[in-house]
Amino acid sequence: MNQFYEELNQQFHALLSDETQPITIYANTAALLFQQMPDINWAGFYLFDPDKNELYLGPFQGKTACMHIPLGKGVCGTCASTRAIQRVDDVHQFPGHIACDASSNAEIVLPLIKEDQLIGVLDIDSTCFNRFDEEDEQGLSKLCQDLLLLL
């Protein structure tokens with residue numbers, strides 16, 4: 001893990017290691033990512049509603065966002081249905097992309113899975129094409145693992 005993500009992980013633990021309220025954990029994680037990650041315009045969570053088989057908007061930082069996303073639709077819905085990280089260099093080329101903010105050009109979405117149950121996804125957008133790389137994927141995966149331990 002690179003130095004940026006090591007420092008981000010330390011900040012995450014200093015901020016949240018004793019917290020037990022899920023909404024507080026999600027909210028401050030979104031704020032931390034939004035404040036610390038360069039060149040992003042949205043960071044937040046979509047949480048899974050198993051009764052409706054869709055994602056609903058959770059705590060986030062950035063412009064107003066889509067409130068409900070069916071599984072399999074767009075980058076977030078694809079991540080949730082496949083349970084696989086989606087790292088998209090150009091969202092305009094992604095089949096079925098849901099454009100909540102037309103200024104977003106790249107996106108990374110990580111599944112949140114606890115005890116084999118889908119909890120939701122972490123979604124981060126950027127106005128820069130090709131913004132996210134393997135180091136982002138690894139660093140954010142570690143952060144998601146640590147976040148799931150708190151929930």
Side-chain angles (χ1 to χ4, degrees), residues 1-50 54-69 71 73-91 94 97-98 100-101 103-151:
M1 195 164 38
N2 70 22
Q3 184 175 350
F4 171 79
Y5 282 105
E6 285 179 18
E7 291 174 7
L8 184 70
N9 195 274
Q10 289 171 358
Q11 291 172 325
F12 171 83
H13 284 282
L15 183 64
L16 294 166
S17 64
D18 294 328
E19 186 54 57
T20 59
Q21 294 298 322
I23 292 297
T24 303
I25 293 167
Y26 290 128
N28 264 342
T29 301
L32 178 67
L33 291 167
F34 192 75
Q35 291 168 5
Q36 298 300 320
M37 289 187 76
D39 301 319
I40 67 166
N41 63 321
W42 201 92
F45 296 91
Y46 281 94
L47 304 174
F48 180 56
D49 181 343
E54 69 177 16
L55 299 169
Y56 63 92
L57 182 62
F60 72 94
Q61 297 279 307
K63 291 183 179 180
T64 57
C66 302
M67 293 184 283
H68 300 272
I69 299 175
L71 260 57
K73 300 291 183 183
V75 182
C76 289
T78 299
C79 175
S81 65
T82 63
R83 295 182 174 205
I85 296 171
Q86 301 294 306
R87 191 174 78 211
V88 181
D89 293 333
D90 179 353
V91 296
F94 190 90
H97 170 64
I98 302 168
C100 298
D101 179 354
S103 66
S104 290
N105 291 313
E107 186 169 6
I108 188 167
V109 184
L110 297 94
L112 301 173
I113 300 166
K114 186 169 185 169
E115 297 171 4
D116 204 36
Q117 298 297 312
L118 178 67
I119 305 295
V121 300
L122 168 61
D123 180 22
I124 304 174
D125 294 358
S126 175
T127 58
C128 303
F129 290 100
N130 305 302
R131 162 60 183 85
F132 305 104
D133 60 18
E134 182 66 29
E135 287 185 348
D136 293 302
E137 191 171 317
Q138 291 174 2
L140 292 168
S141 292
K142 171 70 170 123
L143 186 129
C144 287
Q145 290 171 1
D146 291 352
L147 175 121
L148 287 166
L149 293 174
L150 297 177
L151 299 174

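Note that the structure is predicted; figures quoted are calculated from it, not measured.
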Do Asn9 and Asp146 have side-chain N/O donor and acceptor atoms under 3.5 Å apart? yes
I need the Leu71 CG to Thr78 OG1 distance, nearest 0.5 Å. 9.0 Å
Please find the pair of heavy atoms, one from Leu110 and one from Ile85, that lie closest to each other, and give the distance. CD2-CD1, 3.9 Å
Please report the closest heavy-atom contact between Thr20 and Ile25, naming both atoms and the distance. C-CD1, 4.3 Å
Yes or no on side-chain contact (heavy atoms from CB on, under 4.5 Å) for Leu151 and Lys114, after CA distance, side-chain angles and deciding distance? CA-CA 9 Å; Leu151 299 174; Lys114 186 169 185 169; 4.3 Å; yes
Going by atom types alone, do Glu6 and Gln10 pair a side-chain donor with an acceptor below 3.5 Å? no
Residue pairs passing the salt bridge (Lys or Arg N to Asp or Glu O under 4.0 Å) test with at least one member in residues 74-89, sequence neighbours excluded, are Arg83-Asp116, Arg87-Glu134, Arg87-Glu137
side-chain contact (heavy atoms from CB on, under 4.5 Å) between Asp123 and Tyr46: does it pass, once the steps are laid out? CA-CA 7 Å; Asp123 180 22; Tyr46 281 94; 3.8 Å; yes
Minimum heavy-atom distance Gly44-Leu122, with the two atoms named: O-CD1, 3.4 Å
How close do Cys128 and Asp39 get, heavy atom to heavy atom, and via which atoms? SG-CB, 3.8 Å
Between the side chain of Ser104 and the main-chain N/O of Ser126, is any donor-acceptor distance below 3.5 Å? no
For the residue pair Tyr26 and Phe45, categorise the inter-ring angle as parallel (less than 30°), tilted (30 to 60°) or perpendicular (more than 60°). tilted
Given 3.5 Å as the limit, does a donor-acceptor pair link the side chain of Trp42 with the main chain of Lys63, or not? yes
